[in-house]
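What follows is a short report on a single structure.
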Amino acid sequence: MKRRSGQDRSVTQHWRPATLAVRGGTARSEFGETSEAIFLTSGYSYDCAEDAAARFAGEQEGMTYSRLQNPTVEMLEHRIALLEGAEACRTMATGMAAMTAALLCQLQQGDHVVAGRAAFGSCRWLVDTLLPRFGIQSTTVDARDPGAFEAAVRPNTKVFFFETPANPTMDVVDLKAVCGIARERGIVSVVDNAFATPALQRPLEFGADVVAYSATKMMDGQGRVLAGAVCGSEDFITNTLLPFTRNTGPTLSAFNAWVVLKGLETLDLRVRRQSENAVTVGRFLEGRVPRILHPGLPSHPQHALAMAQMVATGPIFAFEVADRAQAHALLNALQLIDISNNIGDSRSLMTHPASTTHFGVSAEARAEMGVTEGLLRLNVGLEDPQDLIDDLDQALRQVGL
């Protein structure tokens, strides 16, 4: 591989996803290193004052400041864009920085947003609390029904914002239908694809305009660093998103970018195995718990849709027990699976959303979303699925299930 082959679209367009995940975006220095270099620098120097002026004027290629560009971060942005099938990508310090930037960069006072009501707690806070502070109206709808988006459209609607599968209720949104409605009306569709990653689902292929990520999750996939990303057209990233991030500074560190680059090398292998493990564990739980929400199982009401727009349904699903007391007792009885509010890790993790990830969402909104007091969310890792089943079995027996 030549020094800059990984950033040459005329070359990378012929590479398949597994190759892109390992080599896409790589730019080697004059030393010829095989692993991507970490550039731990805040700024850059210039050979002359005229070069500095030309770079700031956009007349000369090159780095100016690590709030704007960094060679390691740039490699990650190229790789994510290639995996996503996007023209461009900008990374952020966290997933929520990415969600916030993807919305605020294109909205202003008087605009209106239609959002899926089932969402990560902090994403609901953005829609319900932050946007109205800036005079931006919002309406939440049942995203499982494309007609609900259409019915909520107003003359000032600028953005559709939703997750699929949704956190934590695993609602599946018909990407082609909802994004099609947006396109017909000149509305920008922003899809949170963190539960799937581009290895399992590429929303741009179904008509989405912008795809946002918590790269903390499966892209890193090993619980090490925080990161976020926004993908879209070159025009959106350069002319709409970049001015916002340049001046507000939700910058990803070079070290964290390097860690996520390493995580992407095994993304496809990990998510496929974890998806298989999740189906195996889900089949076991289906006969033991009152209700299971797993798009990979035929019992899920949107199973056919999930399988039509996803390669596999991922490592995450939810299930319900009687109430909070039984949910907490089940968590406390686990011996192998960790109690943790994170997802996408190679380790199996379980949490009680109503008291953790969605604690800051009002009780009324939780009820609307389907986040009940008995709901538990499980991230299935890379352990042997039988060991996970054994752990769940003993825990379930302890709480009378």
Side-chain angles (χ1 to χ4, degrees), residues 6-7 20-29 33-44 63-84 86 88-102 105 120 122-123 192-199 211-232 237 241-242 244-271 315 340-347 349 357 379 381:
Q7 294 186 0
L20 292 173
V22 176
R23 294 184 176 270
T26 299
R28 291 178 173 142
S29 75
E33 65 281 349
T34 54
S35 180
E36 297 84 3
I38 308 175
F39 289 86
L40 295 176
T41 182
S42 59
Y44 307 88
M63 305 287 165
T64 59
Y65 191 57
S66 279
R67 175 160 49 84
L68 308 179
Q69 316 106 337
N70 175 280
T72 311
V73 174
E74 187 178 75
M75 285 190 274
L76 176 63
E77 290 170 345
H78 277 288
R79 184 169 297 177
I80 294 174
L82 289 168
L83 288 170
E84 193 64 45
C89 170
R90 290 292 292 188
T91 54
M92 315 280 166
T94 68
M96 283 313 304
M99 303 301 159
T100 304
C105 75
F120 177 51
S122 293
C123 288
D192 176 353
N193 199 40
F195 266 34
T197 80
V211 182
Y213 284 104
S214 171
T216 307
K217 308 303 187 288
M218 286 182 284
M219 288 190 181
D220 169 34
Q222 288 147 89
R224 300 171 295 190
V225 298
L226 303 178
V230 180
C231 300
I237 297 298
L241 181 67
L242 182 55
F244 179 88
T245 58
R246 173 191 289 123
N247 293 294
T248 57
T251 309
L252 179 64
S253 76
F255 178 77
N256 285 14
W258 182 83
V259 173
V260 178
L261 276 166
K262 296 294 100 181
L264 286 175
E265 292 180 3
T266 59
L267 174 66
D268 185 72
L269 298 173
R270 287 184 286 104
V271 297
S340 177
N341 52 282
N342 196 21
I343 55 169
D345 202 302
S346 58
R347 301 160 187 81
L349 314 171
T357 59
N379 172 89

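Any value given below was found using the heavy atoms of this structure, including those in side chains, with hydrogens, waters and symmetry copies removed.
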Is there a side-chain contact between Lys217 and Asn342 (heavy atoms, below 4.5 Å)? yes
Just verifying a value: how many Å separate Ile343 CD1 and Met218 CE, rounded to the nearest 0.5 Å? 6.5 Å
Any side-chain heavy-atom pair from Thr41 and Met63 closer than 4.5 angstrom? no
From the options Thr357, Asn379, Leu349, select the one residue that forms a side chain to side chain contact (heavy atoms under 4.5 Å, CB included) with Asn341. Thr357
Without swapping roles, check the side chain of Ser346 against the backbone of Gln222 for a donor-acceptor pair under 3.5 Å. no
For Phe244, I'd like to know if atom CZ has over 12 heavy atoms of other residues, nucleotides or ligands within 6.0 Å. yes
Closest approach of Ala88 to Ala81 (non-hydrogen atoms, all atoms of both residues): C-CB, 4.0 Å
Using only atom types and a distance under 3.5 Å, with no angle test, would you say the side chain of Arg270 pairs donor to acceptor with the backbone of Gly381? no
Under a 3.5 Å cutoff, is there a donor and acceptor pairing between the side chains of Glu84 and Tyr213? yes
Could you check whether any side-chain heavy atom of Leu252 comes within less than 4.5 Å of a side-chain heavy atom of Leu76, counting everything from C-beta outward? yes
Are any of the side-chain heavy atoms of Thr251 and Val73 separated by less than 4.5 Å? no
Atom pair CG/CG of Asp220 and Leu226 - distance to nearest 0.5 Å: 9.0 Å
Classify the side-chain pair Glu36/Thr72 by whether it contains a donor and acceptor separated by less than 3.5 Å. no
Report yes if the side chains of Ser66 and Tyr44 come closer than 4.5 Å at any heavy-atom pair, otherwise no. yes
Counting C-beta onward and ignoring hydrogens, is there a side-chain heavy-atom pair between Thr216 and Met96 closer than 4.5 Å? no
Answer yes or no: is there a side-chain heavy-atom contact under 4.5 Å between Cys231 and Ile80? yes
If you count every heavy atom of other residues, nucleotides or ligands that lies below 6.0 Å from Arg23 atom CZ, does the total exceed 12? no
Would you give the length of the straight line joining atom CG of Leu261 to atom CE of Met75, rounded to the nearest 0.5 angstrom? 6.5 Å
Do Ser35 and Lys262 get their side chains close enough for a donor-acceptor pair, meaning under 3.5 Å? yes
Distance from Ile237 atom CD1 to Glu77 atom CD, nearest 0.5 Å? 9.0 Å
